[in-house]
S.K.: 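The structure that follows is given in the form of structure tokens.
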Amino acid sequence: MNLKKNAGYVLPALGAVVLLLLGWALLKSSSGYPDYILPGPGTVWSAFVDHRMEILRSTWITFLSASGGLSLSVLFGGLTAIVFSQAKWIRRGLYPLAIFLQTVPIVAVAPIIVLWLEEGIVATMFISFIVSLFPIITNTTAGLLNVDNGRYELFRLYRASRFQRLYRLQIPGAMPQFVTGVKIASGMSVLGAVVGEFFCATLQNKGLGRQIFELKDYNVPWMYACILIATFLGVLTFSIVSLIGDRVLLYWDEKKISNI
Amino acid sequence: MNEAPLQKTSDAINLKKVVKQFGGQLVLDAVDFAIAPHEFVSLVGPSGCGKSTLLRLIAGLETIDSGSLSLPLIGRQKNPSTQGNQSAQIGETAFVFQESNLLPWLSAFDNVALPFRITGRPVDRDLIESTLDTVGISAAEFAKLPKHLSGGMKMRISIARALVLKPKVLLMDEPFAALDDLLRTQLNEELLRIWAGDKLTIVFVTHNISEAIFMSQRVAVMGADPGRIHDVIPVSFDYPREKSLKSSSDFAKCFARVSQLLEETNR
């Protein structure tokens, strides 16, 4: 039963990947593009095998930046949402600032941040943090404010203090939406880390972003391998977060577990 | 009226000329009603007659606009100038909602422990377990989450949560409306048993005439536009009441009388 269920999840995804690879190979052979524009899947694979140690090291660096940025987002985003949930005037005052984080062109701001924080993992973590913060704030705030009316009245009946209501009703009640926010943020944290690395040129330990940036001029198949691995890292981070999140949500209503 | 002294009556609940408006619309118009200690009273009436509002006013979930509302049994006096009540009275009245309103992330046991935790009282494990037992939840169910329990069980736990602080007044807003007839009848009988044992004063809002007559000593028939108490019918059958009561001719007469009064209010 379980095997069948898992197969039901994996097989469609696997099929899509196979189709994509076939399409890629077909496009390569039919178009005749040179390898420095579009390398074929085989070429990229052998580039990956040849440079696997460098790629793995870069992946680890990027993973550290992304997970550091995401952790900061979870912490700071969760606390911000709690502050936001306390009063309408706080939301009205600070929400535009939060939206600013979402809309600021990160590629334009990243060099400034690198300049301020100096090139290194702190800067890339910070950029990853900025990029992944918004979904956590919005989702968690919505969750904290969306309290079931009957349960709210139950707390009023026993004259619960604001603080009791917050930590006995609102925070546990917001968990499903908080988890959704972290899931969205997890993919974005990898994106932020990669973008940040574009602007960290003097690093000894190069992340995937820096590798992609440098390789575009001399080893395109290797660059493609890095891009694919960066994508895979995003999927991996999302999967880890989903796994932990869904485990936590087992205690909540079954219907509330998001089926992303 | 605003300076009315604490009622020196033997009532559990006393309402005098209670008026309630929502956004300029009159929901309750000069309601006079007194409920004695350890009385079981049902409120029936068409939608919009303000029966739920009346219950929420007594619970302190809404505030009255004029008149006076007191609960002498627990030493509470309410009129528009003294809204809200003192902390000593928290837990003296309890409320059971139509929905069980359990917290989905807490076990049955912890849901019943919630009133202790919110009011900052030491959690009395023995009392919680005996209360759960009273409402028919077995020890095997204590650790279960609400999502693993049936609708009837959730409502039982909800009632246990209301009873656990040993209230003197229990207010119930259509608690069994979502349950099937068989379960409803069963819970009606169990509630009567709890009421008889605990010396509770119960105000019970329902749409179900048969349920109201079966359980109550008095049935207050309410009318709408604006909400008011149209008439109060005494129900004099002896307790404990058995299911067979419902098939007796006296019960049918009483049912017909309440139905007729409800019809009148709709005219």
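To find a chain, count down the sequence lines: A is the first, B the second, and so on, and within it residues start at 1.
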S.K.: Hey, could you give me the OG1/CG distance between B:Thr119 and A:Leu157, rounded to the nearest 0.5 Å?
M.R.: 11.5 Å

S.K.: Looking at B:Glu174, I want to see if its CD is surrounded by more than 12 non-hydrogen atoms of other residues, nucleotides or ligands under 6.0 Å.
M.R.: yes

S.K.: Tell me, do A:Leu154 and B:Arg161 make a side-chain contact under 4.5 Å, heavy atoms counted?
M.R.: yes

S.K.: Nearest 0.5 angstrom please: B:Leu114 CG to A:Arg151 CZ, how far?
M.R.: 11.5 Å

S.K.: Rounded to the nearest 0.5 Å, how far does CE of A:Met175 lie from CH2 of B:Trp105?
M.R.: 10.5 Å

S.K.: Find the distance between CD1 (B:Ile118) and CZ (A:Arg159) and round it off to the nearest 0.5 Å.
M.R.: 11.5 Å

S.K.: If we only count heavy atoms from C-beta on, is the A:Tyr158 to B:Leu165 side-chain gap below 4.5 Å?
M.R.: yes

S.K.: Counting only heavy atoms from other residues, nucleotides and ligands, does the tally under 6.0 Å from CZ of B:Phe22 exceed 12?
M.R.: yes

S.K.: For chain A, which candidate among B:Gly120, B:Pro115, B:Ala94 shows the most heavy-atom pairs at distances under 4.5 Å?
M.R.: B:Pro115

S.K.: Quick one: are A:Asn149 and B:Phe97 in side-chain contact, heavy atoms under 4.5 Å?
M.R.: no

S.K.: Give a yes or no on this: more than 12 heavy atoms of other residues, nucleotides or ligands lie within 6.0 Å of atom CZ of A:Phe76.
M.R.: no

S.K.: Just verifying a value: how many Å separate A:Gln164 CD and B:Arg117 CZ, rounded to the nearest 0.5 Å?
M.R.: 12.0 Å

S.K.: Starting at CZ of A:Arg156, measure out to CZ of B:Arg56 and round the result to the nearest 0.5 Å.
M.R.: 6.5 Å

